[in-house]
Visitor: 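Have a look at the structure that comes next, please.
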Amino acid sequence: MKIVVLKFGGTSVGTIEKIKKVAKIIYDYKKKKYQVIVVTSAMSGVTNELIKKSREISDNFSEEEYDVLVSSGEQVACSLIAGRLIHQGLKSRSWLAWQIPILTNGLNKNSRIDYINKNKILKYIKEGGVPIITGFQGINNKERITTIGRGGSDASAIMIAKFFKAARCIIYTDVEGVYTTDPNKLKKAKKIKVISYEEMLEMASLGAKVMQPVSIQDARLNRIDIEVKSSFINKPGTLITKRANIINQKIITGISSTLNDAKVSLIGVKDRPGVAASIFKPLSKNLINVDMVVQNISANGKETDLTFTIKSDDLNKTKKIIISNKSISFRKLLFEKGVSKISIIGVGMITTPGVTFRMFQTLADKKINIQVISTSEIKISVLIDKKNTKKALIALHKEFKLDR
Ligand code: ADP
Ligand code: ASP
Ligand code: MG
């Protein structure tokens, strides 16, 4: 019998009614004689609430206790799903990560799944049971509960599919699949039938919340095909797979945008070897992720301007670190919160010249100023004023024929 892994996101288990729908989906797979392993996230909003509580208790809440606390929402969702399946006459039970166990390594809050012991779950499914496993959770070698980063139950599902050699791994969510851009932001967004791991990874890293980036890295490394589909509407979704399986590639596959970026500029920095390292070293030590970086060529050979972007949440911490950094000197420090990064993504751009020009021209025609640019082989990102995000999205979506 074939094993199928079904993952339900917080939006799919957000209410009791939705959990009943989810139970029906699971029931139908079971009736089709699949061996089903279910992975679930917490009911939507629950993890955010728990994080809020931790902040109210302490602005320096213990990271070990954070993981115990914020992973608890998954336990609730698991038992509700299992309870409904039992109500429908199936054999089912909840499995918390430590009971399996799902072993992780790395730091609290951002651990990675390293190993999953298959014995108990395999025995249970052979007996006809439907295991409902907590996503997002693991335990480390000190037997403490860990979590694997926000949105991490996607990665839990992929790793479970890997260890159990599942025939299929289906990510159920609140939209019908992966779209050319967030369908909740742009009505004209179109569902993508098939997308490569590389493009999905870029889209996810650049703001497409539908899949967590780490999960795509894990899927790509282990060559696991992922199906993304709706929990509410029974329609074909999106297949995420290797590039070789895809024909008829468009130049641009999708567009992602972020809203919570901030821009930091250091004006008149003394231009000497090692200055950039001196600026970024303490930021990296404090786990602040620096994204786009531009350094102007120094006109007089003595001074330069350096601009970079970070998450808005890290702005205050970044300010403090830069101001107290004795190893750098500069004339002025500028901060701006209202910026947004728009990225176009597609493997088609490797072989198609002129994509960069088309993107810049499209934005220029809409009088949208580009503040910072960064590129990779399959993506071009620009930083723009946040208030222009929607306008840029609409224009680029049309320019690269994603409306059709
Ligand atoms: P889940 O609760 O299932 O984990 P998420 O909220 O994490 O769901 O992800 C689904 C959401 O991702 C959608 O509601 C949608 O607004 C958003 N999203 C952003 N970009 C995209 C995209 N390119 N395609 C589909 N959904 C996207
Ligand atoms: N419940 C966790 C979160 O909100 C994990 C997930 O949703 O995948 O981040
Ligand atoms: Mg999610």
Side-chain angles (χ1 to χ4, degrees), residues 6-15 18-19 21-22 25 39-52 66-67 69-78 97 109-111 113 133-138 145-160 170-193 195 199-216 226-233 237-238 240 252-259 342-346 389 393 396-397 402:
L6 311 178
K7 180 258 167 176
F8 297 94
T11 49
S12 302
V13 294
T15 62
K18 287 180 180 173
I19 290 178
K21 275 204 172 136
V22 159
I25 296 174
V39 182
T40 186
S41 171
M43 295 169 83
S44 57
V46 168
T47 313
N48 286 344
E49 275 302 313
L50 293 166
I51 292 174
K52 210 172 126 214
Y66 172 98
D67 281 350
L69 177 72
V70 306
S71 64
S72 63
E74 272 66 16
Q75 173 167 342
V76 174
C78 270
K109 284 182 161 178
N110 269 311
S111 294
I113 294 176
I133 300 179
T134 48
F136 188 46
Q137 286 189 8
I145 289 178
T146 54
T147 60
I148 59 171
R150 294 305 307 270
S153 26
D154 292 332
S156 304
I158 304 300
M159 293 308 273
I160 288 170
I170 310 178
I171 305 289
Y172 280 95
T173 185
D174 65 340
V175 286
E176 281 178 38
V178 180
Y179 281 69
T180 48
T181 193
D182 187 343
N184 290 319
K185 285 192 188 149
L186 191 74
K187 277 214 175 69
K188 286 197 168 155
K190 290 274 175 298
K191 190 167 39 179
I192 301 169
K193 277 196 185 125
I195 183 170
E199 290 169 313
M200 189 66 239
L201 182 57
E202 290 282 11
M203 280 186 70
S205 313
L206 295 164
K209 193 181 168 218
V210 62
M211 289 298 300
Q212 187 223 28
V214 172
S215 72
I216 304 299
I226 308 171
E227 295 165 60
V228 183
K229 58 194 293 186
S230 164
S231 297
F232 313 121
I233 302 162
T238 299
I240 307 171
I252 298 302
T253 304
I255 307 178
S256 287
S257 63
T258 59
L259 283 177
I342 300 256
S343 312
I344 59 172
I345 298 118
T389 312
L393 209 56
L396 292 169
H397 204 262
L402 297 176

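Ligands are counted one by one from 1 in listed order, and the atoms in each one are counted from 1 as well. All values below come from the heavy atoms of this structure, side chains included, with hydrogens, waters and symmetry mates left out.
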Visitor: Among residues at least two apart in sequence or on other chains, which ones pass ring pair (Phe, Tyr, Trp, His ring centres under 6.0 Å) with Phe8?
Guide: Tyr172
Visitor: Under a 3.5 Å distance rule, please check whether Asp174 uses its side chain to pair with a backbone N or O of Thr11 as donor and acceptor.
Guide: no
Visitor: Under a 4.0 Å heavy-atom cut-off, what residues line ligand 2?
Guide: Ser41, Ala42, Thr47, Glu74, Phe136, Arg150, Gly151, Gly152, Ser153
Visitor: I need the contact residues for ligand 1: any residue with a non-hydrogen atom closer than 4.0 Å to the ligand, ordered by chain then number.
Guide: Lys7, Gly9, Gly10, Thr11, Tyr172, Thr173, Asp174, Val175, Gly177, Val178, Tyr179, Thr181, Asp182, Pro183, Asn184, Met203, Ala208, Lys209, Val210
Visitor: Given the rule in the side-chain contact (heavy atoms from CB on, under 4.5 Å) test, do Leu393 and Lys188 qualify, once you have shown the distances and angles that lead to the verdict?
Guide: CA-CA 10 Å; Leu393 209 56; Lys188 286 197 168 155; over 6 Å; no
Visitor: Tyr179: which residues meet the ring pair (Phe, Tyr, Trp, His ring centres under 6.0 Å) condition with it, sequence neighbours left out?
Guide: none
Visitor: Would you say the side-chain atoms of Gln137 pair up with the backbone N or O of Ala97, donor to acceptor, closer than 3.5 Å?
Guide: yes
Visitor: Please report the closest heavy-atom contact between Glu176 and Lys191, naming both atoms and the distance.
Guide: OE1-NZ, 2.8 Å
Visitor: Look at the side chain of Ser256 and the backbone N and O of Met203, then say whether any donor-acceptor pair between them is shorter than 3.5 Å.
Guide: yes
Visitor: Does the side chain of Thr146 come under 3.5 Å of the side chain of Asp67 through a donor N or O and an acceptor N or O?
Guide: no
Visitor: For the pair Ser156 (side chain) and Phe136 (backbone), establish whether a donor and an acceptor sit closer than 3.5 Å, ignoring hydrogens and angles.
Guide: yes
